[in-house]
Undergrad: 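Quick one: the structure is below, questions incoming.
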Amino acid sequence: MTASSQSAAALTPVFVRLKLSLLKNGLRRSGGRRAAYITSAVLALLFAALQLVGLIALHGNAHAATVAVLGVTVLAVAWTVVPLFFPSGDETLDPTRLVMLPLRPGPLVGALLVASLVGIGPLFTLCLVLGSAIAVAHGIGAALLAVLAVPLALLVCLALARAVAAANTRLLTSRKGRDLAVLSGLIIAVGIQFVNFGMQRLGKSGGITALDPVADVVRWLPPASAIGAVDSVSEGAYGRAAAQLLLSLGALRLLLFAWKRSLVKLMTTPDGSTLAASDASRKESSGRGLTSLLPDGRTGTAMLRTLRYAWRDPKTKAAWITSLAIGLIVPVFNALQGAGTVYFACFATGMLGMQMYNQFGQDTSAFWMVLLSISSTRDAYLELRARALALLLVTLPYTVLVAAVTAGMLGDWAKLPEVIGLALSLLGAMLATGSVASATLAYSIPQDSRKNVAPGQGGIAALSVLGGMVVSAVLCAPMIALAIWLHVSGNHAALWLLLPLGAVYGGLVCWAGLRVAAPRTADRLPEILSAVSTG
């Protein structure tokens with residue numbers, strides 16, 4: 001036995017006890033956390049048991065191999081992305097905490113890999129991988145190979161998660177890592193939409209048979225190739241089985257090597273995040289980039305501040321990305337299903353227009369600095385106008401893009417000018433009502449939780465958004481009525497006029513809304529500061 005293996009053998013029980021201690025101490029923090037963990041564990045294990053029974057029941061089914069290899073592939077993808085979205089779920093994912101200890105990367109990798117087997121996730125994965133192997137195993141040879149393939153597939157999943165986490169440790173422990181955690185709910189929601197769409201398309205294309213070609217490719221990708229090797233032995237293709245098993249073994253070896261390299265880098269190189277930040281600050285101060293494209297004076301400063309909030313603040317970024325993603329998914333998916341209309345492009349405009357509501361809430365307690373710069377109604381008008389212009393930088397091209405994509409997918413280019421005109425009038429109305437709502441119905445956005453509204457202000461937030469949407473619809477009524485009249489009267493050749501009319505009408509409504517909101521903002525500055533600083 002080499003010194004390295006002896007060191008790994010000595011470290012392994014220590015890290016397993018460390019993992020158990022972290023789990024136990026975490027459950028001691030509160031009864032609520034303990035109850036939530038136990039409940040989630042019971043539900044996860046119950047689901048895993050049901051999946052295991054279901055996979056065993058597939059034994060002998062013609063499509064068992066397809067389900068098995070695709071299921072293991074989904075598990076591997078989940079193990080890859082979950083550490084990026086939930087870095088705080090396992091304290092041992094951050095190896096920088098061990099930098100000051102006299103540990104060598106080789107033994108550390110082995111000890112951490114074994115410690116990774118402790119937890120609900122590995123047990124859940126083991127149940128599904130075991131069920132997949134049983135579903136495709138026929139004969140003594142396949143059963144014997146499954147004894148090796150099941151732990152190999154499990155270890156590949158764990159090594160994949162650890163290698164990805166180690167390679168992104170600096171990201172996961174930084175502000176951007178916290179951004180990923182905030183955006184995880186969005187990623188999951190969008191992913192569910194894609195899965196739902198895929199299931200609908202699958203039902204229309206002949207069921208599980210349509211996935212057989214995909215499975216034929218996936219069975220050569222680790223760790224699914226380990227399960228594919230069991231299926232190959234069942235079919236008597238021993239050479240193919242050996243190649244597939246070697247692929248999984250090679251992948252495990254490569255992942256462990258990459259993980260070790262990442263640990264060496266983390267333990268021997270300093271964190272350069274502060275250097276990157278200083279470089280970015282120098283670039284911004286030099287007047288290059290976005291700053292040089294914005295107007296001078298208060299307008300450009302306020303626009304830049306708003307755009308920086310959208311890029312840097314996790315809550316604001318989450319709201320923006322949610323609006324951008326959902327605003328595109330709804331019209332595109334409806335168009336793909338053949339039930340869409342070009343008018344769905346206005347949905348994207350509405351999603352982005354809502355970002356104008358509660359403009360001062362995103363400032364939180366830092367709004368006092370904005371307050372000090374507003375001494376008149378004109379100052380308030382310039383501040384609100386700059387924030388609206390910052391939104392328009394993104395909203396205008398996005399509205400045109402979604403409308404064009406939807407029209408192209410439906411082949412209904414004739415309605416494109418009309419839809420863009422209606423969307424621009426809606427955008428102007430929402431910017432107007434959002435300005436007024438920001439001044440009269442401001443509320444706080446907590447920064448230390450995933451809630452978007454401080455306790456006790458839910459009614460204010462609902463009135464701001466829902467009331468603003470209703471008023472915006474009323475303000476758009478003239479343009480909607482004009483569009484309906486042109487259709488009913490048969491004047492289809494004049495529908496293109498809705499584009500310039502919508503742009504002008506939306507601009508006028510936005511200007512009027514800013515004029516109404518400016519004096520209210522100037523008069524209510526202390527109340528706004530108190531509202532956005534609550535919680």
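Throughout, numbering of the chain's residues begins at 1 and tracks the sequence.
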Undergrad: Show the nearest heavy-atom pair for residues Thr395 and Leu427, with the distance to one decimal.
TA: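 Of all heavy-atom pairs spanning Thr395 and Leu427, the closest is CG2-CD1, 3.3 Å.
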
Undergrad: Would you say Met469 has more than 12 foreign heavy atoms packed within less than 6.0 Å of its CE?
TA: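 Counting other residues, nucleotides and ligands, CE of Met469 stays at 12 neighbours or fewer.
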
Undergrad: Would you check, one step at a time, whether the test side-chain contact (heavy atoms from CB on, under 4.5 Å) holds for His59 with His138?
TA: CA-CA 9 Å; His59 185 77; His138 298 277; 3.5 Å; yes

Undergrad: With no hydrogens and no angle check, is any side-chain donor or acceptor of Ser248 less than 3.5 Å from a backbone partner on Ala226?
TA: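 Answer holds: yes.
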
Undergrad: Could you check whether any side-chain N or O of Thr125 sits under 3.5 Å from a backbone N or O of Leu154, counting only pairs where one atom can act as donor and the other as acceptor?
TA: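 No, the answer is negative, given that no donor and acceptor are paired below the 3.5 Å cut-off.
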
Undergrad: Rounded at 0.5 Å granularity, tell me how far CG in Leu422 sits from NZ in Lys415.
TA: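 NZ of Lys415 is found 11.5 Å from CG of Leu422.
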
Undergrad: Nearest heavy-atom pair of Phe124 and Ala44: which atoms, and what distance?
TA: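 Scanning both residues, the minimum pair turns out to be CD1-O, 3.5 Å.
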
Undergrad: So, taking the atom named CG in Leu113 and the one named CH2 in Trp259, what distance separates them when rounded to the nearest 0.5 Å?
TA: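 It is 5.0 Å, given to the nearest 0.5 Å.
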
Undergrad: Considering non-hydrogen atoms only, spot the tightest contact between Leu130 and Leu52 and give its length.
TA: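 The answer is C-CD1, 4.3 Å.
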
Undergrad: Does the side chain of Phe15 reach to within under 4.5 Å of the side chain of Leu108, using non-hydrogen atoms?
TA: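 Yes. Closest side-chain heavy atoms under 4.5 Å.
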
Undergrad: Of the non-hydrogen atoms in Val465 and Tyr357, which two are nearest, and what is the gap between them?
TA: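 Smallest heavy-atom distance, with atoms named: CA-CD2, 4.5 Å.
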
Undergrad: Rounded to the nearest 0.5 Å, what separation is found between the CG atom of Leu75 and the OG1 atom of Thr80?
TA: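 One gets 10.5 Å once the value is rounded to the nearest 0.5 Å.
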
Undergrad: Is there a side-chain contact between Val109 and Phe257 in this structure, where contact means two heavy atoms from C-beta onward sitting under 4.5 Å apart?
TA: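 No - every pair of side-chain heavy atoms lies 4.5 Å or more apart.
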
Undergrad: Could you check His487 against Glu418 for side-chain contact (heavy atoms from CB on, under 4.5 Å), going step by step and ending with a plain yes or no?
TA: CA-CA 11 Å; His487 277 282; Glu418 169 190 355; 2.9 Å; yes

Undergrad: Would you sort out whether Val136 and Val69 count as a side-chain contact (heavy atoms from CB on, under 4.5 Å), showing the intermediate values?
TA: CA-CA 10 Å; Val136 300; Val69 297; over 6 Å; no

Undergrad: Give, for atom CG of Leu70 and atom CD1 of Ile227, the distance between the pair rounded to the nearest 0.5 Å.
TA: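 Here the interatomic distance stands at 12.5 Å.
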
Undergrad: Please confirm whether the backbone N or O of Leu324 pairs with a side-chain atom of Tyr398, one donor and one acceptor, at under 3.5 Å?
TA: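 Here the side-chain-to-backbone pair exists.
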
Undergrad: How long is the gap from OG on Ser132 to CG on Asp231, to the nearest 0.5 Å?
TA: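 Here the interatomic distance stands at 11.5 Å.
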
Undergrad: Check the surroundings of atom CD1 in Ile140: do more than 12 heavy atoms from other residues, nucleotides or ligands lie under 6.0 Å from it?
TA: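 No.
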
Undergrad: Find out whether Phe47 and Cys127 are in side-chain contact, i.e. whether some heavy atom of one side chain is under 4.5 Å from a heavy atom of the other.
TA: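 With C-beta onward as the side chain, the pair stays apart.
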
Undergrad: Could you tell me whether a side-chain N or O of Ser323 sits under 3.5 Å from a main-chain N or O of Leu352, the two making a donor and an acceptor?
TA: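 No; zero donor-acceptor contacts below 3.5 Å.
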
Undergrad: Under the criterion side-chain contact (heavy atoms from CB on, under 4.5 Å), I'd like the reasoning laid out for Thr406 against Val402: C-alpha separation, chi angles, the key distance, then a yes or no.
TA: CA-CA 6 Å; Thr406 307; Val402 174; 4.0 Å; yes

Undergrad: For Phe344 versus Pro331, what's the shortest heavy-atom pair and its separation?
TA: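 Taking every non-hydrogen atom into account, CB-CB, 3.8 Å.
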
Undergrad: Looking only at heavy atoms, what is the nearest atom pair of Ala403 and Ile420, with distance?
TA: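 Closest pair (atom of Ala403, atom of Ile420, distance): CB-CG1, 3.9 Å.
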
Undergrad: Okay, side chain of Ser234, backbone of Ala142: is any donor-acceptor separation there less than 3.5 Å?
TA: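 It does not hold such a pair.
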
